[in-house]
Q: 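Got a structure here, written out as structure tokens. Questions coming.
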Number of protein chains: 2
Amino acid sequence: MRITYKSDYSLKTILNLAIHYGEEPVTIHELAKRSDIPIKFLEQILLDLKRGGFVESRRGKVGGYLLAKHPSKIGLLEVVRFVAGPVEPIACVDKKYRRCRDIDKCVFRDIWQKITNATEKILEEVTFEDLVKKSRKSQGNFVYQI
Amino acid sequence: MRITYKSDYSLKTILNLAIHYGEEPVTIHELAKRSDIPIKFLEQILLDLKRGGFVESRRGKVGGYLLAKHPSKIGLLEVVRFVAGPVEPIACVDKKYRRCRDIDKCVFRDIWQKITNATEKILEEVTFEDLVKKSRKSQGNFVYQI
DNA sequence: TATAATGTCTATTACATTAGTAGAGTTTAC
DNA sequence: GTAAACTCTACTAATGTAATAGACATTATA
């Protein structure tokens, strides 16, 4: 799990769409402006999010993007996994990691696992509906980066 | 915080030195062999760890490396911070991040902060003495990668 | 005092990832 | 039929990762 610019942009964009759930599609241009994201970069990000099943698109004149599901059905953990990769801090928790000959005996493994569990627990409890509420509560119509 | 090969090698090496605390210096060659680390890479890593104050060196014929402090005085959190960078998953928790115009209102900030706190709590409670004990307990003289 | 075994230091390299940019194509409301 | 939208593929510059290379400095001891 690594929050890069791309993953940050992805999260902001989904939140923006969540805030406007049930309304007209939002254009890439509008989303880019709201969160100050380079438009050509956002195009790619939205295509990824679409492939991930988080957003839907409408093509043509009055096209744009929409959230694919109700914000309450989109968990932060699944989104983070998709946009920021596995929660694990890599190393031996990662399945691909083959450096430890006797992996069961590695004393660090427990630590990474604990951190992974704690992180997942925090993310698991949050949906985008929660985030929308939180956003509205503390900021009126501020949204996030506008 | 990112556990790369370098940080993994660093942790293994410190644990190895912790296990042999109070004994003769351990040579780079020996450390490299024990943990299967490219020797020239380990040279650099050990110089870093020395600059960080975690290890000491003896030059010359019967030289090698030693832990700079008693294993009970070396916390896992400080070592992880040194070898794997800040615990935060970057984004707006990072001081350098300036994308959020009204940072107090960012709804994700809280989440990253919670994860950071939880991670720090886990790492804070562990010293290398704990890891040595854990290692001895479960594996006799296995150590970690040998 | 020579020498072998050790640590020290600076450069270089191959590869992958990140954060974009560029441009041509497709769809649809009007 | 055209403007306004999304779609797709390719390219690039900068940075980070994981080494590798080679010359140099120090010290125990034969």
Q: What is the distance, to the nearest angstrom, from the CG atom on A:L47 to the P atom on D:dA5?
A: 16 Å
Q: Roughly, in whole Å, what's the span from OH in A:Y65 to P in C:dT28?
A: 14 Å
Q: Would you say B:T27 reaches C:dA5's phosphate, i.e. side-chain N/O to OP1/OP2 under 4.0 Å?
A: no
Q: Quick check on DNA chain C: between B:K50 and A:S7, whose nearest nucleotide comes earlier from the 5' end?
A: B:K50
Q: Nearest whole Å is fine: how far is D:dA18 C1' from B:I39 CD1?
A: 16 Å
Q: Can you label the angle between the B:F108 ring and the B:W112 ring as parallel, tilted or perpendicular, going by 30° and 60°?
A: parallel
Q: Compare side-chain N and O positions of A:Y9 against OP1 and OP2 of C:dA19 and report whether any pair is under 4.0 Å apart.
A: no
Q: To the side chain of B:K61, which of C:dA5, D:dA5, C:dT6 is closest?
A: C:dA5
Q: Using whole Å, what does the distance between atom C1' of nucleotide C:dA5 and atom CD of B:E24 come to?
A: 15 Å
Q: Nearest whole angstrom, please: distance from the C1' of C:dT21 to the CD1 of A:I45.
A: 13 Å
Q: Check every strand shown and say whether A:G60 touches a base, only sugar-phosphate, or nothing at a heavy-atom separation below 4.0 Å.
A: base
Q: For B:D48 versus B:K6, what's the shortest heavy-atom pair and its separation?
A: OD2-NZ, 2.8 Å
Q: Nearest to the side chain of A:P38, heavy atoms from C-beta on, is which of C:dT18, D:dT20, C:dG20?
A: C:dG20
Q: Closest approach to the side chain of A:R59, judged atom by atom: which nucleotide of D:dA28, D:dT7, D:dA19 is it?
A: D:dT7
Q: Return yes if the base of C:dC9 and the side-chain atoms of B:Q44 contain a donor-acceptor N/O pair under 3.5 Å, otherwise no.
A: no
Q: Are A:E129 and A:V132 side-chain neighbours, meaning at least one heavy-atom pair lies under 4.5 Å?
A: no
Q: Excluding sequence neighbours, so at least two apart, what forms side-chain contact (heavy atoms from CB on, under 4.5 Å) with A:Q44?
A: none
Q: Could you check how far CZ of B:R58 sits from P of D:dA25, rounded to whole Å?
A: 22 Å
Q: Measure across A:H20 and A:E23 and return the closest heavy-atom pair with its distance rounded to 0.1 Å.
A: ND1-OE1, 2.9 Å
Q: Under 4.0 Å from OP1 or OP2 of C:dT6: is there any side-chain N or O of B:S57 that close?
A: no
Q: Measure from the side chain of B:F41, starting at C-beta and using heavy atoms only, and say which of C:dG20, D:dA18, C:dT8 lies closest.
A: D:dA18
Q: State whether B:Y5 places a side-chain N or O below 4.0 Å from either non-bridging phosphate oxygen (OP1 or OP2) of C:dC15.
A: no
Q: Below the 4.0 Å mark, does C:dA19 have OP1 or OP2 next to a side-chain nitrogen or oxygen of A:T4?
A: yes
Q: Considering non-hydrogen atoms only, spot the tightest contact between A:P71 and A:A18 and give its length.
A: CG-O, 3.9 Å
Q: How many whole angstroms separate atom CG of A:L66 from atom P of D:dA5?
A: 14 Å
Q: Send over the distance from B:H29 NE2 to C:dT6 P, rounded to a whole Å.
A: 8 Å
Q: Compare the minimum distances between each of C:dA19, D:dT7, D:dA5 and the side chain of A:K40, then state the nucleotide with the smallest one.
A: D:dT7
